[in-house]
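What follows is a short report on a single structure.
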Amino acid sequence: MPPNRRARARPIPEDQTPGRLRRWPEGLPPESHLFPGQAERRATGSRLTALLETARARIAAGPVGATVSFDDALGRLRRWDFRSSSPLQDVLAWVVEQMADGVVHVDHPRYFGLFNPTPSFPAQCAEQVVAAFNPQLATHVTSPFPVAVEAHLIRRIADRAGFATAAGHFTTGGSEANATAMICALTHADQAFGERGARAFARPPAVYVSAAAHLAWLKIAHQVGIGRSAVRLIATDGTGRMDAAALAGQIAADQEAGIMPVMIVSTAGTTGAGMIDPIEACTGLARRHGAWHHVDAAWGGAALFSDRLRPLLDGLASADSVTIDAHKWLATTMGCGIFLTAHPGVQNQAFHASMPCMPSAAGELDPYVNSLQWSRRFLGLRLFVALACSGWDGYACYLERAVELAATLAAMLRAQGWSIVNRSELAVLCARPPAGSAPVAALCAAVVQGGQAWVSPVAFEGETA
């Protein structure tokens, strides 16, 4: 009988117990701490909800940053040697207290740092449901409903993106989605890549990204075997966007040197400034040179959910693939990326596998033969629940309000002599203080040290903002 069944097991008589096993102590077996009864689960759930609400109020009224250092955290953890058990409610109360002290609070009303948003409440509820059922999404045979939910979401988002035909899947984040895109691009360039790796190419492959892009691309090129030097960092045009003329020039120089352009990446929402590269120009260059065009819209892809903001991503429908991170501007809990491609068959070419232990009647439906992952968590439910609750209009209101708040903040800063150095329409604001002020890095450090708010220094067009 599986250990999580609630049938009460009897202690093994001492004369029948193998030498390596011990008799259970009087009372409940030790596993009861891991699989408590219904009454205890309900009581613990109610207690945890109350603890989290108390912590939420405390966080909103307190400092944004962590109040303990890493060394302090290690010191607090020394009490846990795991030689004895503790009541679950006590353990949870201790953990919530440590979390309130030991992280930067992205859900604080004055967190103005990076792309990590306050997670929506529907997404948090979905996380609890997924944890309770713990489905394995490798195949549609064992998890028909979860796999169908994610496929349905992929199709609806692809519709918003303008893809006539599309496939895709949820990922742990943007880096995995972008790695998927590079593997698909290399497979599309030469199907022998799957068997022979980089040796399949008669000419060295090259990948083109903006110098302002997220440089996980260097790690990805290393991982897939073409090497970091295959990534060409293209200069920006003075506004934070990739310079299309510089891109065309680099491609021409590479081809002259016997290098093969395999992939062009447009960033839609750069990490530092929320800028959108010239998507249509990149598509044109990709088509001209037989390269795969990927749009890394980890941040800006959320604009698809708003009819007002969607035109910011004009040209996206002609791309070969897209990355969107729902755990950024779509406000799900962390670890919820999305990969979309207009070429459904390429995924299976890139990730196909076969094992007798894996039930599979139709490979196109099974995530394990269409993605980097094998064991798969049900990542899409948090976006499904949030979108089902709010509809497109609810998300549009949320996104458009963020843009309006950024514009309001920009006006307030200008009134105090600050300059706004980026021109993003994606609710990302980069500003520099008036002449004669302390250096930007010192100002940011002072704000963070004070604890009342959290801001981030960033490099923009060669200067700190």
Side-chain angles (χ1 to χ4, degrees), residues 1-11 21-109 111 116-136 146 327 331-336 375 377-379 381-382 385-386 389 451:
M1 178 178 291
N4 56 340
R5 295 285 178 84
R6 289 302 305 148
R8 181 68 57 81
R10 296 179 179 177
L21 298 179
R22 299 187 335 185
R23 291 186 60 179
W24 288 333
E26 294 299 324
L28 293 176
E31 68 182 31
S32 65
H33 296 292
L34 300 177
F35 305 101
Q38 185 182 76
E40 186 177 345
R41 291 199 304 272
R42 285 180 174 174
T44 301
S46 297
R47 175 63 176 151
L48 179 58
T49 297
L51 286 168
L52 291 172
E53 287 302 313
T54 300
R56 180 180 172 84
R58 171 187 163 189
I59 289 165
V64 184
T67 57
V68 299
S69 68
F70 178 72
D71 288 339
D72 292 335
L74 286 176
R76 294 184 182 190
L77 284 161
R78 289 193 185 100
R79 63 175 282 191
W80 300 97
D81 60 11
F82 310 117
R83 294 178 182 175
S84 61
S85 61
S86 298
L88 176 56
Q89 291 193 30
D90 292 351
V91 175
L92 291 173
W94 185 85
V95 168
V96 170
E97 182 180 2
Q98 307 315 306
M99 291 292 285
D101 291 342
V103 299
V104 174
H105 297 294
V106 299
D107 55 344
H108 194 285
Y111 174 79
N116 307 324
T118 300
S120 72
F121 185 66
Q124 295 178 54
C125 293
E127 282 270 51
Q128 189 171 352
V129 173
V130 170
F133 285 91
N134 199 31
Q136 157 64 288
H327 64 242
T332 71
T333 49
M334 283 298 294
C336 191
S375 295
R377 195 165 193 269
F378 188 7
L379 300 172
L381 187 65
R382 56 193 102 169
V385 172
C389 287

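Along the sequence shown, residues are numbered consecutively beginning with 1. Keep in mind the model is a prediction, meaning the values are calculated, not measured.
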Rounded to the nearest 0.5 Å, what's the gap from CG on Leu51 to CZ on Arg56? Could you check? 15.0 Å

For residues 60-82, run the donor-acceptor check on the side chains, cut-off 3.5 Å, and write out each pair with its distance to 0.1 Å, sequence neighbours left out.
residue, atom, partner, partner atom, Å
Thr67, OG1, Asp101, O, 3.3
Ser69, OG, Asp71, N, 3.4
Ser69, OG, Asp72, N, 3.0
Ser69, OG, Asp72, OD2, 3.1
Asp72, OD2, Ser69, N, 3.2
Arg76, NH1, Gln98, OE1, 2.6
Arg76, NH1, Asp101, OD2, 3.1
Asp81, OD1, Arg83, N, 3.1

For the OG atom of Ser86 and the CG atom of Leu92, what is their distance to the nearest 0.5 Å? 11.0 Å

Side chains of Arg58 and Glu97: closer than 4.5 Å at any heavy-atom pair? yes

Rounded to the nearest 0.5 Å, what separates atom CD in Glu40 from atom CZ in Phe35? 13.0 Å

dist Asn116:CG -> His327:NE2 (nearest 0.5 Å) comes out at 7.0 Å

Using a 3.5 Å distance criterion without hydrogens, assess whether the side chain of Thr118 forms a donor-acceptor pair with backbone atoms of Val106. yes

Taking all atoms of both residues into account, what is the closest heavy-atom pair of Ala331 and Pro117, and its distance? CA-CG, 3.7 Å

Output yes when a side-chain donor or acceptor of Arg382 lies under 3.5 Å from a complementary backbone atom of Thr333, and no otherwise. yes

Is there a side-chain contact between Val96 and Leu48 (heavy atoms, below 4.5 Å)? yes

Quick one: pull up CG in Asp107 and CD in Gln124 and give me the separation to the nearest 0.5 Å. 8.0 Å

Spacing of Arg47 atom CZ and Leu52 atom CG [to the nearest 0.5 Å]: 10.5 Å

